[in-house]
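Start at 1 with the first residue, then count along the sequence. Every number for a ligand or one of its atoms is a count from 1 in the order of the listing.
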Amino acid sequence: MNPVDKPGKTGALMPVEDALRQLLDMAEAAPIREQEVLPLAECDGRVLAQDMVSTLDLPPWPNSAMDGYAVRLADWTGEPLVVSQRIFAGAAPQPLALGTCARIFTGAPVPEGADCVEMQENAEVHADERVSFTQPLHVGQNIRPQGQETTVGERVLSAGTRLGPIELGLAASLGHDCLSIVRRVRVGVLSTGDELIEPGLPLGPGQIYNSNRRVLCSWLERLGCDVIDAGILPDDLEQTRTRLAGLGHVDLILSTGGVSVGEADFLGIALREEGELALWKLAIKPGKPLTFGHFRGVPVIGLPGNPASTLVTFALLARPYLLRRQGVAEVEPLRFEVPAGFTWPKPGNRREYLRGRIEQGRAIIYRNQSSGVLRSAAWAQGLVEVLEGTTLEMGDRVNFIPLSEVLN
Ligand code: AMP
Ligand code: MG
């Protein structure tokens, strides 16, 4: 990667990380504090509101990691041992009788007095049913000690953790049937543009179907938000005012379109009249223009309308903002370095998020990276990040952000 030193070239544009920092600061200033207690089955995708503290040792008692025999090491002299009990998972064993061993199965409690478990593959059962062992035994072998996963009083998950199948399984393993979670964030979605109509209707001259609405509403639902789908907003100041005013009960108004330079910016006018407005020109491609403001106290994020721009700015800016509103600490997607399977001869003044895939260990990119082409993202597995002011040769390292990291 060859950084090209052109001071001032990105001067007018705001770096992506600055925009993210400002958005996260604003999210932290307006946290969602209300909590609800819900059964585990309803907590998937939601955010934990209180630390999850263990009320148990896990496992609650030492148990066997193998099917085999539980032994007191000192009793094993090479003389075959009598099997004094059989211990299945779910059983409550007797203390191990002196000079004997116990048949034991995976997950069963290790009897008091036993200090190792030998797997059945290393045991020999004689004609008289006594057992001897073919390998040396060691104290503690094949025993999962009490509390190896967690002990009483330990914080297992912190408030602000996003819950998925694994976290819910962990809660279940600790015996929790309900959790305190942050209430859903209410997001009002507006698609601006006189050219938009909904699928299902015949396409008139100059019209296109509204795709952003579907992208955002489905995505927000996956994110655990309460989506208030406010439909299409025509490019008209009066209707913009009315529609924004109708969304006074939401935590965020998320709109697309109408933020490009040169166009009648009704969203901006309405925000200026009845709230405040920041118009950002970001060093990001696709997705340069972004609006952040408030309308009568309700936060508003205006994403650019081109479908790939909407996707990239939602993934990298609006999604982290929404998660942070719920107290989530880890809001940025995982990104990892891969060798580029393409060249990038011309350095740009914006950070590019190319729709790409990994093939044979290298990032390749969709042939048409136009911000209007949503198909590029359907083809892609992730976003390939090319930093501003850099060129790439084949094999140079680039960051790759899997779409699976952000689409939930
Ligand atoms: P704008 O940001 O309003 O200037 O829109 C930029 C481009 O995105 C234009 O070509 C719009 O037609 C298109 N666009 C805006 N909103 C949507 C939408 N909801 N669905 C599909 N395309 C859109
Ligand atoms: Mg428009």
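Close contacts of ligand 1 with I208, meaning ligand atoms under 4.0 Å from a residue heavy atom, involve 12 (O), 21 (C), 22 (N), 23 (C). Near N210, meaning under 4.0 Å from any of its heavy atoms, are these atoms of ligand 1: 18 (C), 19 (N), 20 (N). Within ligand 1, counting atoms from 1 as listed, the ones closer than 4.0 Å to a heavy atom of Y209 are 20 (N), 21 (C). Near N212, with a cut-off below 4.0 Å to any heavy atom, the atoms of ligand 1 are 16 (N), 17 (C), 18 (C), 19 (N), 20 (N), 23 (C). The distance from ligand 1 to the heavy atoms of G257 drops below 4.0 Å at these ligand atoms: 1 (P), 2 (O), 3 (O).
Ion pair R162/E330 not flagged as a salt bridge, since none of the NZ, NE, NH1 or NH2 atoms sits closer than 4.0 Å to an Asp/Glu carboxylate oxygen. Of the charged side-chain nitrogens involved, at least one lies within less than 4.0 Å of a carboxylate oxygen, so that E17 and R351 count as a salt-bridged pair.
L271 and L277 make their closest contact through CD1-CD1, 3.7 Å (heavy atoms, listed as atom of the first residue, atom of the second, distance).
Residue G305 has at least one nitrogen or oxygen atom sitting less than 3.5 Å from a nitrogen or oxygen atom of ligand 1, judged on distance alone. Considering backbone and side-chain atoms together, S191 places no N or O closer than 3.5 Å to any N or O of ligand 1. When only interatomic distances are considered, the shortest N/O to N/O separation between R213 and ligand 1 does not fall below 3.5 Å. Considering backbone and side-chain N/O atoms, G258 comes within less than 3.5 Å of an N/O atom of ligand 1.
The distance from the CE atom of M52 to the CD atom of E154 is 11.0 Å, given to the nearest 0.5 Å.
Sparse packing is recorded around CD of E129, with 12 or fewer heavy atoms of other residues, nucleotides or ligands lying under 6.0 Å away. For L203, the CG atom sits in a packed shell: over 12 heavy atoms of surrounding residues, nucleotides or ligands are nearer than 6.0 Å. Atom CD of E34 sits in a crowded spot, with more than 12 heavy atoms from other residues, nucleotides or ligands closer than 6.0 Å.
Not a single heavy atom of G372 sits closer than 4.0 Å to an atom of ligand 1. At least one heavy atom of S211 sits less than 4.0 Å from an atom of ligand 1.
Contacts of L196 with ligand 1, taken as heavy-atom pairs under 4.0 Å, involve the side chain alone.
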Show me the donor-acceptor pairs within less than 3.5 Å that the side chains of residues 35-43 make with the rest of the protein, sequence neighbours left out.
residue : atom : partner : partner atom : Å
Q35     : OE1  : Q50     : NE2          : 2.9
E36     : OE2  : R46     : NH2          : 2.6

